[in-house]
Amino acid sequence: MSVLDVLQERGYIQQMTHEEEIRELLEKEKITFYIGFDPTADSLHVGHFLQIMVMSHMQKAGHRPIVLIGGGTAMVGDPSGRTDMRKMLTKEEIDRNAEAFKKQMQRLIDFSNGKAIMANNADWLLNLNYIEFLRDIGVHFSVNRMLTAECFKSRLERGLSFLEFNYMLMQAYDFLELNRRYNCVMQMGGDDQWSNIIAGIELIRKKEGKQAYGMTFTLLTTSEGKKMGKTQKGAVWLDPNKTSPYEFYQYWRNIADADVEKALALLTFLPMDEVRRLGALKDKEINEAKKILAYEVTKLIHGEEEAIKAQKAAEALFESGGDLDNVPSVTVSSDVLGKKILDVLFEAKIIPSKSEGRRLVQQGGLYINNEKVESIDEYIKDDMIKDNSILIRKGKKEYHRLVIKE
RNA sequence: GGAGGGAUACCCAAGUGGCCAAAGGGGGCAGACUGUAAAUCUGUUGGCUAUCGCCUUCGAUGGUUCGAAUCCAUCUCCCUCCA
């Protein structure tokens, strides 16, 4: 079974430029391909995870991934946001973010001995000469054609700055540059990148007279059409300091029934037979599939040890077995005894304000050691402390363990 | 450069001198139901105190007024049309 079959079967692929040629190419040769990443945050999130999985599948089949960091493009900034202009990043920030990306990717991508390459388009974009660029690259682009591209159509109604319009040229140029430097012949990306990918392929054909290929992935969306990996609190991050392994595990544990199979196929390496079996489980049974999903995905991102911890914590809290040691905890000072519960929770940042805490209690949503807190005036009492800690439950499934400092 | 329109809470959006901490919807949170799911229903949704109440918030600054999201002036940003 070729990589392409694997990618297709698991549902990664949205569209390809030349299906038959790509199939042949991937089977006969070891190619170099690239995926671009914007270094605008200091961590990757679940949306990127899908792309990393694809790179991993490809690398396992012997192909060479290039992770292209958009350091040059990020330095231009992107004013497309309505209110807040995306802030322009300094070189130091970009480098730091790129380094963080690499660290997170290393669990799934092997960068040793040139098996994968990390490149930064700042290396060639920043020193471009405007006139030369217009003459060398600009001539090959027809504005008429660009305007018919799907990605610009909607923007024509909402407004499109010249700067944004140029992203297509820059991205096409990236592909050309990577083709020249590393013989990179394929670009992959989210489906929103389709037009830009095509532009790069055309540019390579015109400049180098060579054929290049493109492939886009399905957007990682839920059955409700929302982006998977987005919560009300923001993105689900791969960085354990931004989204703890426990929270990460819980995100997948709580996924909608309809999304289980898709997530298993795209975000784990479980064999497809197993994926289909798990996805077909009904009613309560599907919880088993969710546990496996949560465990597997957490393992891929945070390692086996963290995945086991997260799972144990979940069991302790929701299935009343095992110990509570692995439940995420907050350390509080030893003088909490006799203080108002709400004050303590506020200081521990478990509730954002005391008004919200009062509301929570009044609505019957706050529990200490699984006993409902009845009054907003309750104090921390001796018998609430067990094993030097207090178990707080906020709502149905948000748990915190207050560990008292010795 | 000229003409016009706009900026309201997490988002959309009403409000055009006191009854406005600000309608409605979405989202969020909590409760019921459940399977740590979905759907549904109910409550809630600036902060501080919880008892009356107090404080901060309607792009920014200043002004008019007993009283301003609402009126006036200046400024900033966004959009549309014309050049």
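Below, chain A is the first sequence line, B the second, and so on; all start at residue 1.
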Euclidean distance for C1', B:C12 against B:U64 (whole angstrom): 33 Å
Pairing partner of B:U34 (Watson-Crick or G-U wobble, both distances under 3.5 Å): none
For B:A73, the Watson-Crick or wobble counterpart (both distances under 3.5 Å): B:U61
Short N-O contact, A:R277 and A:E274, less than 4.0 angstrom: yes
Touch class at under 4.0 angstrom, heavy-atom based, for A:I255 against every strand present: sugar-phosphate
Candidate nucleotides B:U34, B:C48, B:A37, ranked by approach to the side chain of A:S355 - the nearest: B:C48
Nearest to side-chain heavy atoms of A:K396, which nucleotide of B:G31, B:G47, B:G35: B:G31
Pair partner, B:C10 [Watson-Crick or wobble, under 3.5 Å]: B:G26
Touch class at under 4.0 angstrom, heavy-atom based, for A:K394 against every strand present: sugar-phosphate
Short N-O contact, A:K309 and A:E306, less than 4.0 angstrom: yes
Side chain of A:K354 (C-beta onward), nearest among B:U49, B:A37, B:U36: B:U49
Separation of the P atoms in B:U8 and B:A3, to the nearest angstrom: 25 Å
Between C1' of B:G35 and CG of A:D259, the distance in whole Å: 16 Å
Nucleotide nearest A:N254 (side chain, heavy atoms from C-beta), chosen from B:C48, B:A37, B:U44: B:A37
Distance, rounded to the nearest Å, where A:L366 contributes CG and B:C29 contributes P: 16 Å
Whole-Å C1' distance, B:G59 and B:C77: 8 Å
C1' atoms of B:U70 and B:A7, separation to the nearest Å: 15 Å
Distance-only donor-acceptor check, side chains A:T73 and A:D38, under 3.5 Å: no
Rounded P spacing from B:A38 to B:A32 in Å: 15 Å
Sugar-phosphate, base or nothing in reach of A:Q362, heavy atoms under 4.0 Å: base
Of the listed nucleotides B:G35, B:A50, B:G31, the one nearest the side chain of A:K340: B:A50
Distance-only donor-acceptor test (3.5 Å): side chain A:Q363, base B:G31: no
Complementary nucleotide for B:C81 - Watson-Crick or wobble, under 3.5 Å: B:G2
Length of the NZ-P vector between A:K397 and B:A32, whole Å: 13 Å
Ionic contact status for A:K291 with A:E315, cut-off 4.0 Å: no
Length of the CZ-C1' vector between A:R358 and B:U45, whole Å: 15 Å
Nearest-Å distance once atom C1' is located in both B:G47 and B:A22: 16 Å
Sugar-phosphate, base or nothing in reach of A:R359, heavy atoms under 4.0 Å: sugar-phosphate
Flag for A:Q193-A:Q171: side-chain donor and acceptor within less than 3.5 Å: yes
Heavy-atom closest contact (A:L402 atom, A:A348 atom, distance): CD2-CB, 4.0 Å
B:C19 and B:G2, which share atom name C1', separated by this distance in whole Å: 44 Å
Out of B:A50, B:G35, B:U36, whichever nucleotide has its closest atom nearest the side chain of A:Q250: B:U36
Electrostatic pair A:D257-A:K282, nearest N-O below 4.0 angstrom: no
Integer-rounded Å distance: B:U36 P and A:E285 CD: 13 Å
Most 5' of A:F346 and A:D257 on RNA chain B, judged by nearest nucleotide: A:D257
Value in whole Å for how far the C1' atom of B:A37 lies from CD of A:E261: 16 Å
B:G18 to B:G1 separation - C1' atoms, rounded to the nearest Å: 44 Å
Sugar-phosphate only, base, or nothing, as touched by A:A258 at under 4.0 Å among non-hydrogen atoms: nothing
Nearest-nucleotide pick for A:S353, side chain only, options being B:C48, B:G31, B:A37: B:C48
Opposite nucleotide pairing with B:C19, Watson-Crick or G-U, both atom distances under 3.5 Å: none
A:G364 vs A:I376, nearer the 5' end of RNA chain B by closest nucleotide: A:G364
Ion pair check, A:K91 and A:D95, cut-off under 4.0 Å: yes
Nucleotide B:A30, atom P - distance to CD1 of A:I350 in whole Å: 14 Å
Euclidean distance, atom CD of residue A:E288 to atom P of B:G35 [Å, nearest integer]: 14 Å
